[in-house]
Each structure stands twice: as C-alpha cells, then as structure tokens.
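Residue numbers count from 1 along this sequence.
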Amino acid sequence: MSDEAKRAVLSALQAALAAEHAAVYGYGVVGGRIGQARRAEARAAYDAHRSRRDSLARQVRDLGGEPVAASAGYALPFPVPDPAAAVRLAARLEERLAGVYSDLVRATTGAQRGAAAAVLREAAVRAVRWSGQSVAFPGLAERSGEGTGAAGTTGGRTPSSTPSVAP
C-alpha cells in the first residue's frame, strides 16, 4: 500500500472511530430516554458500537496511528426529552454512521472494504428500523439529496466548538 493510500485509510478509520465515539455517547442518551419496548434494541446497538469502536482503535494502531480520543461531551442535534425523540436520535446516529462508513468503503480495498460495506449496511438497516424510512443510497448523502456524507465535512451545516453527535 502506498503512503498516500495508507494515509487515506488511516484518515477514514479515524473518522469512523470518532463517529463511533459519538454514537456510543448518543446511545447513552437514547438508553436513558427510550421506551421499554425498544430498550433491548437500543442496548444491542450500544454494545455493537462499543465493540466497533474498540476494533477501529486497534486498526488505527495497526497502521501506526494514535486513535482519536472520545470527547468529554457531544452536542445533540436536538433536545431528547422523551422516547419519540430518543428514537429520532438513534436514527440520526445510524444515518451519520452510514455516511462515515461510506467514506471508509471508498478509502479501503479487499477484505477491509468488505467489512466496511457490511458495517455501512448494518447502519442503514438500523436507521430504517429506528425511523421507518429508507434512502436510495444509504451513506451517500449527495445521492439522497442531503448535502455531503464526507467525513469531516458539515454538509452546509454550521460546525460548533463542541463535537456533535450527529450533523
């Protein structure tokens, strides 16, 4: 792998890791507000994102990088006072993750690309389960009509000084 390709993969892995940190935080909020009927689903998603976060940190280290650390707190995209808002937040988390994993699919090859595509698919399926809606091209916001899905970009939204759980 060329140095340029390695840097691109490392950058995409770091973006995915940062997004997983935010998802773990976000699912902590979801878990505190979600109704009993969907609590097990929220817990399963939380556990999956914790596991994926740990795996991504190992992958970053394997490429010689220092894994990006979680922030102390994250700005929520909207208030989450009740179970309905918790469900919307869970859907938003998964939609954002689909975009980040789409970037990882583009940056990788071989088995690593296949693994990133599988995670993209999982995020898209979870987003549909939470929201009840799907998009034609999960993770590719430019094709679904929603700004950019590129890691590290805001898609026309105003960045804040506090890391965001979801754009």
Checklist line | Positive for side chain to side chain donor-acceptor pair (under 3.5 Å) with Ser55, one of Arg53, Gln59, Arg52 | finding: Gln59

Does a side-chain heavy-atom distance below 4.5 Å link [X] with [Y]?
X	Y	answer
Arg43	Arg38	no
Pro67	Leu56	no
Val60	Glu66	no
Leu13	Leu104	yes
Arg50	His21	no

Compare every heavy atom of [Y] with every heavy atom of [X], then report the nearest pair and how far apart it is.
X	Y	value
Val105	Ala117	CG2-N, 3.5 Å
Ile34	Ala42	CG2-CB, 4.3 Å
Thr108	Ala116	OG1-CB, 4.5 Å
Val68	Gln14	N-OE1, 2.9 Å
Val100	Ala16	CG1-CA, 3.3 Å
Leu97	Ala123	CB-CB, 4.3 Å

Checklist line | Residue list, side chain to side chain donor-acceptor pair (under 3.5 Å) with Arg33, at least two apart or on another chain | finding: none

Notebook entry, point to check: Between the side chains of Tyr46 and Glu41, does any donor sit under 3.5 Å from an acceptor?
Noted result: no

Check: Side chains of Glu20 and Tyr101: donor-acceptor distance under 3.5 Å anywhere?
Finding: yes

Check: More than 12 heavy atoms of other residues, nucleotides or ligands under 6.0 Å from CZ of Arg129: is that the case?
Finding: no

Margin query: Quick check on Arg121: does its CZ atom have over 12 non-hydrogen neighbours (other residues, nucleotides or ligands) under 6.0 Å away?
Written below: no

Margin query: How long is the straight-line distance from CD of Glu95 back to OG of Ser131, given to the nearest 0.5 Å?
Written below: 5.5 Å

Margin query: If I take atom CG from residue Leu120 and atom CZ from residue Arg106, how far apart are they, to the nearest 0.5 angstrom?
Written below: 9.5 Å

Notebook entry, point to check: For the residue pair Tyr27 and Trp130, does the interplanar ring angle fall in the parallel (under 30°), tilted (30 to 60°) or perpendicular (over 60°) class?
Noted result: tilted

